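So the structure is just underneath, and the comments pick up after that.
When reading the values below, keep in mind they use all heavy atoms of this one structure, side chains included, and skip hydrogens, waters and symmetry mates. Values in this document were obtained by computation on a predicted structure and should not be read as measured data. Heads up: numbering here begins at 1 and tracks the sequence.
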Amino acid sequence: MAPETPATGVAPPLPARPPGRRPVLGLSTDSMTERDLAAEAVRRTRRPVEAFSAAALCGQDELVTELGTFAKDNGLAVYLHALDLDLAGIDPVDPGMVRQIADYARELGSPWITTDFAMWVLNGEKLIENMVPVPLTPEAVDWVADRTKRIQDIAQLPIVGENPPYPVLTGDLDVLTLMAGVAEQADCGLCLDIGHLYILRQQRGEPVLRPEDDDFPWERVVEAHVSGITCRDFAAYQLVQDQHRWPVDEAVWRATRALLPRMTRLRALIGESEGMAADDLVAKLERMDDCLEAVAW
């Protein structure tokens, strides 16, 4: 393992959106198997699709090179979504892994590294599809903030933490309260997945929009995601799960329209779209663009 970089205590600045420009419209598809789908959607949509959220693991050098070529060929900026940057884990932070992921971000021209506030690695094993969302407890705020600050120091790039999906809830803290606490202590950026927020508040029987949200640091949200949901009933318990296929629930669209004006420094709105048909992906991108056009940026 490489020696640790001394902590600087100074967070890399989040790039500002150019004056007079609205956030870019973007998409994510499976980075390994659905790049042709993404390229087709970019060609067919009548809206300006400018960004691709690319997912990669440490060690996937060849994939990262391919993603860079794909983005250049299709005129897309890349926003790197790391799948093993372990903001909420219990394994020691691996400086070598962090530096490699940061090198990927620089190679792709990504302005920051996005990843969920979750455990992505356990006992050295990458959980990938089985990541564990951070418990919603006050104690978790300090733990995740310390790790996020440490990882950001090593990467020397902004880290942007995303609210993960919660198929089963652990803890009573509101997720936006947790995110705000981590962002303040670690001085990091935030990514708001609107579908994930909807899921969590549905699970608790709460409205997706609450008056308490006025105090959330919306100016730290530089990336936002739109995804779909599925609902299944188990006796008295409704399981609401994240899914990236079509359609997106109308309640998620309403929340998107209501929340976007609060995100005063938003740089990118990404449609998470793995497993979608091309026609559905085009329709989703066009509706996302309508949401962006409705805001006086």
Side-chain angles (χ1 to χ4, degrees), residues 7-17 23 53 79-82 85-89 93 98 101-102 105 110-120 131-166 170-201 208-226 255-256 258-270:
T8 66
V10 179
L14 285 163
R17 189 172 69 245
S53 175
Y79 290 79
L80 179 63
H81 195 299
L85 198 62
D86 201 23
L87 299 186
V93 173
V98 174
I101 294 169
S110 181
W112 50 71
I113 305 168
T114 303
T115 193
D116 295 69
F117 286 127
M119 176 192 292
W120 286 99
M131 63 91 171
V132 180
V134 59
L136 295 168
T137 64
E139 295 80 7
V141 173
D142 293 338
W143 179 264
V144 176
D146 286 347
R147 288 179 68 91
T148 300
K149 187 173 183 178
R150 177 69 189 149
I151 288 170
Q152 194 162 240
D153 273 334
I154 296 168
Q156 288 297 290
L157 278 174
I159 301 299
V160 171
E162 177 184 351
N163 54 313
Y166 283 85
T170 303
D172 298 323
L173 194 66
D174 182 74
V175 69
L176 294 192
T177 302
L178 182 141
M179 293 172 71
V182 172
E184 180 179 1
Q185 290 187 38
D187 196 11
C188 68
L190 295 173
C191 171
L192 184 69
D193 190 301
I194 299 166
H196 294 175
L197 179 65
Y198 175 81
I199 289 169
L200 188 148
R201 290 186 168 168
V208 66
L209 306 174
R210 308 188 318 160
E212 296 89 336
D213 299 341
D214 291 346
D215 296 328
F216 183 71
W218 294 102
E219 73 281 358
R220 287 189 179 269
V221 179
V222 292
E223 185 176 332
H225 295 173
V226 177
T256 300
L259 292 175
L260 280 179
R262 299 186 175 198
M263 305 177 197
T264 54
R265 294 186 62 194
L266 186 69
R267 284 279 304 272
L269 180 65
I270 305 292

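Formation of a donor-acceptor pair under 3.5 Å by the Arg267 side chain with backbone atoms of Pro15 is found in this model. For Arg220 (side chain) and Cys188 (main-chain N/O), a donor-acceptor pair under 3.5 Å exists by modelled atom type. Remark: the backbone N or O of Phe216 is not paired with any side-chain donor or acceptor of Arg262 at under 3.5 angstrom. Side-chain atoms of Asp193 never come within 3.5 Å of backbone atoms of Asn163 as a donor-acceptor pair (strictly under, hydrogens ignored).
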Start with the C-alpha distance between Val93 and Asp86, add both sets of side-chain angles, then the distance that settles side chain to side chain contact (heavy atoms under 4.5 Å, CB included), and finish with yes or no. CA-CA 7 Å; Val93 173; Asp86 201 23; over 6 Å; no
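Of all non-hydrogen atoms in Val221 and Met263, the two that sit nearest each other are CG1-SD, 3.8 Å. When all heavy atoms of Val160 and Leu190 are compared, the pair lying nearest together is CG1-C, 3.3 Å. Heavy-atom minimum distance, Met131 versus Pro165: CE-CD, 3.4 Å. Across all non-hydrogen atoms, the minimal contact from Pro158 to Gln152 is CA-OE1, 3.4 Å. Considering all non-hydrogen atoms of both residues, Ala258 and Leu209 come closest at CB-CD1, 3.5 Å. Of all the heavy atoms in Gly181 and Val141, the pair that sits closest is C-CG1, 3.7 Å.
Side-chain contact between Leu266 and Trp218 is absent, with no heavy atoms from C-beta onward closer than 4.5 Å. Between Glu184 and Pro217, the closest side-chain pair of non-hydrogen atoms is not below 4.5 Å. Residues Lys149 and Asp187 fail the side-chain proximity criterion, which asks for heavy atoms closer than 4.5 Å. Between Trp143 and Val134 the shortest side-chain heavy-atom distance does not fall below 4.5 Å.
Interatomic distance, Asp153 CG to Thr148 OG1, rounded to the nearest 0.5 Å: 11.0 Å. Between atom CG of residue Leu173 and atom CE of residue Met179 there is a gap of 12.0 Å, rounded to the nearest 0.5 Å. Atoms CD1 and CD1, on Ile159 and Ile151 in that order, are 6.5 Å from each other to the nearest 0.5 Å.
Annotation: Asp172, atom CG; neighbour count of heavy atoms from other residues, nucleotides and ligands within 6.0 Å does not exceed 12.
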Review item, side-chain donor-acceptor pairs of residues 110-119, under 3.5 Å, at least two apart:
{"residue": "Ser110", "atom": "OG", "partner": "Leu80", "partner atom": "N", "Å": "2.9"}
{"residue": "Ser110", "atom": "OG", "partner": "Trp112", "partner atom": "O", "Å": "2.6"}
{"residue": "Trp112", "atom": "NE1", "partner": "Thr114", "partner atom": "OG1", "Å": "3.4"}
{"residue": "Trp112", "atom": "NE1", "partner": "Glu223", "partner atom": "OE1", "Å": "2.9"}
{"residue": "Thr114", "atom": "OG1", "partner": "Glu223", "partner atom": "OE1", "Å": "2.8"}
{"residue": "Thr115", "atom": "OG1", "partner": "Ala82", "partner atom": "O", "Å": "3.0"}
{"residue": "Thr115", "atom": "OG1", "partner": "Trp120", "partner atom": "NE1", "Å": "3.1"}
{"residue": "Asp116", "atom": "OD1", "partner": "His81", "partner atom": "NE2", "Å": "3.3"}

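Under the side-chain contact (heavy atoms from CB on, under 4.5 Å) criterion, Arg201 pairs with Asp174, Leu176, Leu197, Glu206, Arg210, Asp213, sequence neighbours left out.
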